[in-house]
Number of protein chains: 4
Amino acid sequence: MATRVQSGKAAAGGRRNRADEVLRAAVEIFHDKGYAAASIQDVADRVGVLKGSLYHYIDSKEELLARIFEQSDRESFALIEEMEALDVDALQRLREFSRLWSLWYLRNVERASLYFNEWKHLTGDRLAGVTAQRHEYEKRIAKMIDDCKREGTADKGLDTRYACFFLLSAINGLPVWYRPRGADPAEHIANVYADMIVAMVQHTKGRKRPSKAKARARKKS
Amino acid sequence: MATRVQSGKAAAGGRRNRADEVLRAAVEIFHDKGYAAASIQDVADRVGVLKGSLYHYIDSKEELLARIFEQSDRESFALIEEMEALDVDALQRLREFSRLWSLWYLRNVERASLYFNEWKHLTGDRLAGVTAQRHEYEKRIAKMIDDCKREGTADKGLDTRYACFFLLSAINGLPVWYRPRGADPAEHIANVYADMIVAMVQHTKGRKRPSKAKARARKKS
Amino acid sequence: MATRVQSGKAAAGGRRNRADEVLRAAVEIFHDKGYAAASIQDVADRVGVLKGSLYHYIDSKEELLARIFEQSDRESFALIEEMEALDVDALQRLREFSRLWSLWYLRNVERASLYFNEWKHLTGDRLAGVTAQRHEYEKRIAKMIDDCKREGTADKGLDTRYACFFLLSAINGLPVWYRPRGADPAEHIANVYADMIVAMVQHTKGRKRPSKAKARARKKS
Amino acid sequence: MATRVQSGKAAAGGRRNRADEVLRAAVEIFHDKGYAAASIQDVADRVGVLKGSLYHYIDSKEELLARIFEQSDRESFALIEEMEALDVDALQRLREFSRLWSLWYLRNVERASLYFNEWKHLTGDRLAGVTAQRHEYEKRIAKMIDDCKREGTADKGLDTRYACFFLLSAINGLPVWYRPRGADPAEHIANVYADMIVAMVQHTKGRKRPSKAKARARKKS
DNA sequence: CATGAATGAGTGTTCATTCAT
DNA sequence: TATGAATGAACACTCATTCAT
């Protein structure tokens with residue numbers, strides 16, 4: 001705002017991109033109050049315009065949420081693909097993924113938190129899209145774990161599905177307690193989280209699933 | 001829970017306790033739509049009364065949420081105390097806690113989910129209370145991990161705080177994918193989760209925290 | 001309004017039916033300003049409640065409009081069926097229909113006006129329903145004219161469709177100028193309108209439709 | 001559309017007059033959605049400019065409507081004056097007027113429809129002007145009917161005012177059902193409508209107005 | 001001429017809560 | 001206890017209009 005003078009650098013610094021500002025404001029507000037409890041007014045207040053004016057940049061509150069998600073989608077899929085291109089063994093790959101995924105959470109606390117907590121407020125095609133993305137994502141991670149089993153760095157009996165949800169949830173919890181302004185350096189935490197995940201995958205012994213008959217018997221008692 | 005017997009035919013299903021019905025309905029509705037997006041009307045509809053009538057049983061929507069939390073608080077503290085009374089080594093205790101805590105989540109999917117996702121919608125004293133409870137809870141779990149370190153079943157260098165958040169989050173994610181009507185027997189899952197947590201605690205090697213100086217240096221580069 | 005005294009008749013007179021009041025207010029407001037330009041606030045003001053309170057009686061503005069239409073539908077179909085049951089010759093029937101239909105317009109100026117001017121603001125099923133009703137209505141009137149032709153009281157060459165629209169439109173115009181408080185007695189006007197319609201049907205000679213070839217030729221010149 | 005090349009011949013179709021385009025677009029939009037429900041945005045979209053740009057051509061939405069009306073006013077008064085200059089008997093004149101007035105409606109469905117349905121959305125002087133025009137118009141038509149009565153081609157007892165409104169309304173209804181793309185040739189319809197109007201004027205017998213006393217008596221019963 | 005960002009008042013609608021009956 | 005009418009503030013969203021660029 002200060003240096004609108006040299007119009008050479010205008011685009012890069014001086015003239016703020018309002019559309020981006022709106023997005024950023026929405027991320028903060030939605031994270032702080034929750035999507036449902038947050039109002040468009042809140043977002044407008046943070047940006048510093050009247051709420052009616054927001055509608056130059058968005059189509060609806062839901063579309064605003066969706067737009068935040070798209071950005072996250074792009075980034076998370078870029079990460080997964082980067083991992084898959086890595087020329088290392090499966091456990092290494094899982095480690096690196098866990099580290100970078102944690103790091104993404106730590107660097108984008110609010111956006112990450114939204115991504116996993118507010119998707120239910122989407123509707124129709126948007127909901128379908130996000131759900132599909134999520135399933136695809138889980139499948140790709142499951143594959144990494146299966147590869148570990150194949151390569152012998154994880155027990156054959158390890159339940160891939162449970163392990164997958166387990167590690168995703170663990171990382172998913174980061175935004176609950178982590179504060180960027182706190183004493184914990186993000187890179188360190190990411191490393192520790194990767195350590196914990198690798199330890200879990202490497203050392204969890206398989207456990208036979210109970211037969212359905214047994215399960216039913218137990219339920220009755 | 002045991003002795004609702006006398007009081008007429010109440011227990012046998014005759015006269016339903018309306019206040020409990022309200023609570024149960026609220027749990028379901030709040031879980032399905034999220035507290036903020038759910039309306040008192042929704043709850044009333046499920047109970048089968050007019051929304052005005054609900055106010056014979058509750059003081060306000062927030063108080064209704066708080067009451068759900070109190071119940072969860074009682075149950076989760078009962079569990080922790082039960083664990084602390086267990087006469088086994090620390091790792092065993094942690095294992096048992098992980099198993100039962102997972103089980104509680106699986107048996108109370110909705111309530112558990114609420115407990116960890118909707119607390120921000122409380123205000124004032126109620127918010128303070130819930131926050132205090134949570135911190136106390138984390139402290140007690142941290143103690144279990146520290147005991148493992150002391151007893152040699154966990155690496156001295158393991159970061160207790162991170163491990164604590166890690167396991168809590170992992171369990172916390174259960175309601176996201178678990179469906180009571182599905183094929184996964186709760187007890188089995190609880191066991192597997194306990195296995196994964198124990199593996200993580202037992203086999204994660206410590207990692208030195210970077211000194212602040214180093215951290216700052218890295219940030220700049 | 002006068003006799004709220006004897007509370008015995010409360011239901012019948014004293015205690016006004018608010019739902020009906022809302023409907024009546026809406027008819028007036030929608031007629032005065034047009035449906036699109038009228039606001040729910042206007043209706044609420046006339047009823048004397050806050051606009052939010054209106055939603056105890058209506059589901060939406062559009063549903064309110066639809067409800068007004070249903071009433072008109074019922075009344076107009078009752079009329080047509082009454083006519084069809086009449087044991088007189090076709091011209092007499094048409095006369096009586098024209099008279100009573102005009103009278104209905106004169107006695108329900110606002111509602112009648114709405115019925116024929118604001119239907120485009122309905123959507124979906126409601127629009128389809130109203131459109132279907134209208135077509136059915138036109139068919140029944142067309143039948144009366146065809147009967148006149150068959151009985152020899154109208155020229156065989158008279159274009160039924162045009163005559164039908166002609167008479168409907170003529171009556172439809174009544175609300176434009178007629179004021180209940182004015183000097184014109186409704187019954188008299190209704191009689192005159194019936195006279196004019198009968199004269200038109202009885203004395204309009206047929207006129208051959210131009211062949212398509214001719215029509216095209218004329219267009220080019 | 002073809003020859004936008006020689007911009008010298010602007011009038012001949014070369015350089016489109018943007019102001020006219022705006023007017024035409026407004027006619028369509030206002031007719032399709034109704035003035036109140038139509039937005040300036042809709043008009044701008046059809047013209048292909050941003051809505052802000054429209055204000056180079058119009059002063060306000062209402063002024064845009066008024067301008068559409070002025071054009072109609074000019075055309076309809078030209079017609080009436082042409083009729084009055086006709087050297088034929090009164091019934092012939094009325095016939096010719098009915099035919100050409102119908103034809104104008106059929107050739108300008110949208111504009112005609114607007115002219116008679118949306119005038120209430122004007123305010124102040126503009127409303128007064130349009131109302132005055134309408135009254136003047138009705139007076140001139142009433143004169144034609146009175147002339148018929150004087151010349152003996154209409155019954156002396158025919159109520160001029162009612163007949164006048166009757167025929168205007170009948171014609172006014174044309175845009176409701178007529179579709180330019182349909183099978184009905186406009187000239188034919190105009191002729192039939194003229195026939196029907198003439199039949200009505202020529203053959204409607206007078207009917208005595210009830211005395212006020214009688215009217216009041218009837219009302220009470 | 002044209003743009004597009006911004007305004008500010010207004011729209012229909014929802015909702016937690018109250019209260020006389 | 002239960003009802004249902006009523007409140008009043010809030011909400012997401014729209015729109016005619018303005019104006020610096």
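All chains are named by letter (A, B, ...) in the order of the sequence lines, taking the proteins before the strands, and each is independently numbered beginning at 1. In this text the structure is predicted, and so the values were computed from the model without any measurement.
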CG of L50(A) versus P of dA12(F): gap in Å, rounded? 15 Å

Is the shortest side-chain N/O distance from Y57(D) to OP1 or OP2 of dC1(E) below 4.0 Å? no

Sequence neighbours excluded, the answer for side-chain contact (heavy atoms from CB on, under 4.5 Å) partners of Y57(D) is R18(D), A19(D), V22(D)

So, do Q71(B) and R67(B) sit near enough that their side-chain heavy atoms are less than 4.5 Å apart? no

Counting only heavy atoms from other residues, nucleotides and ligands, does the tally under 6.0 Å from CG of D125(A) exceed 12? no

Only pairs under 3.5 Å count here: list side-chain donor-acceptor contacts from residues 35-43 of chain D, not counting sequence neighbours, and write none if there are none.
residue : atom : partner : partner atom : Å
Y35(D)  : OH   : E62(D)  : N            : 3.3
S39(D)  : OG   : Q41(D)  : N            : 3.3
S39(D)  : OG   : D42(D)  : N            : 3.1
S39(D)  : OG   : D42(D)  : OD2          : 3.3
D42(D)  : OD2  : K33(D)  : NZ           : 3.2
D42(D)  : OD2  : S39(D)  : N            : 3.0

Can you check side chain to side chain contact (heavy atoms under 4.5 Å, CB included) on L65(D) and W119(D), steps first, answer last? CA-CA 9 Å; L65(D) 181 63; W119(D) 58 266; over 6 Å; no

Does any non-hydrogen side-chain atom of E63(D) lie less than 4.5 Å from one of R126(D)? yes

Please encode protein proximity along nucleotides 11-17 of chain E as a string of B, S and -, counting only heavy-atom distances under 4.0 Å. SBBBSBB

Just wondering, do L23(C) and L64(C) contact through their side chains at under 4.5 Å, heavy atoms? yes

Minimal heavy-atom distance between Y115(D) and R134(D), with the atoms involved, is O-NH2, 3.4 Å

Which of residues 64-71 of chain A sit near DNA chain E, with a heavy atom under 4.0 Å from it? none

What would the secondary structure line of DNA chain E be in dot-bracket form, counting Watson-Crick and G-U wobble pairs under 3.5 Å, with [ ] for pairs that cross earlier ones and | for pairs with another strand? .||||||||||||||||||||

Quick one, H121(B) and F30(B) - any side-chain contact, counting heavy atoms below 4.5 Å? no

Of all heavy-atom pairs between V47(B) and A25(B), which one has the smallest distance, and what is that distance? CG2-CB, 3.6 Å

Which pairs pass salt bridge (charged side-chain N to carboxylate O under 4.0 Å, His left out) with one or both residues in residues 45-60 of chain D, sequence neighbours excluded? E28(D)-R46(D)

To the nearest Å, how far apart are L54(D) CG and dC19(F) P? 17 Å

Rounded P spacing from dT21(F) to dC1(E) in Å: 22 Å

Any side-chain N or O of R18(C) less than 4.0 Å from the OP1 or OP2 oxygen of dA6(F)? yes

Distance in angstrom units between D45(C) CG and dT7(F) C1', rounded: 15 Å

Separation of dA12(F) atom P from H121(A) atom NE2, nearest Å, is 12 Å

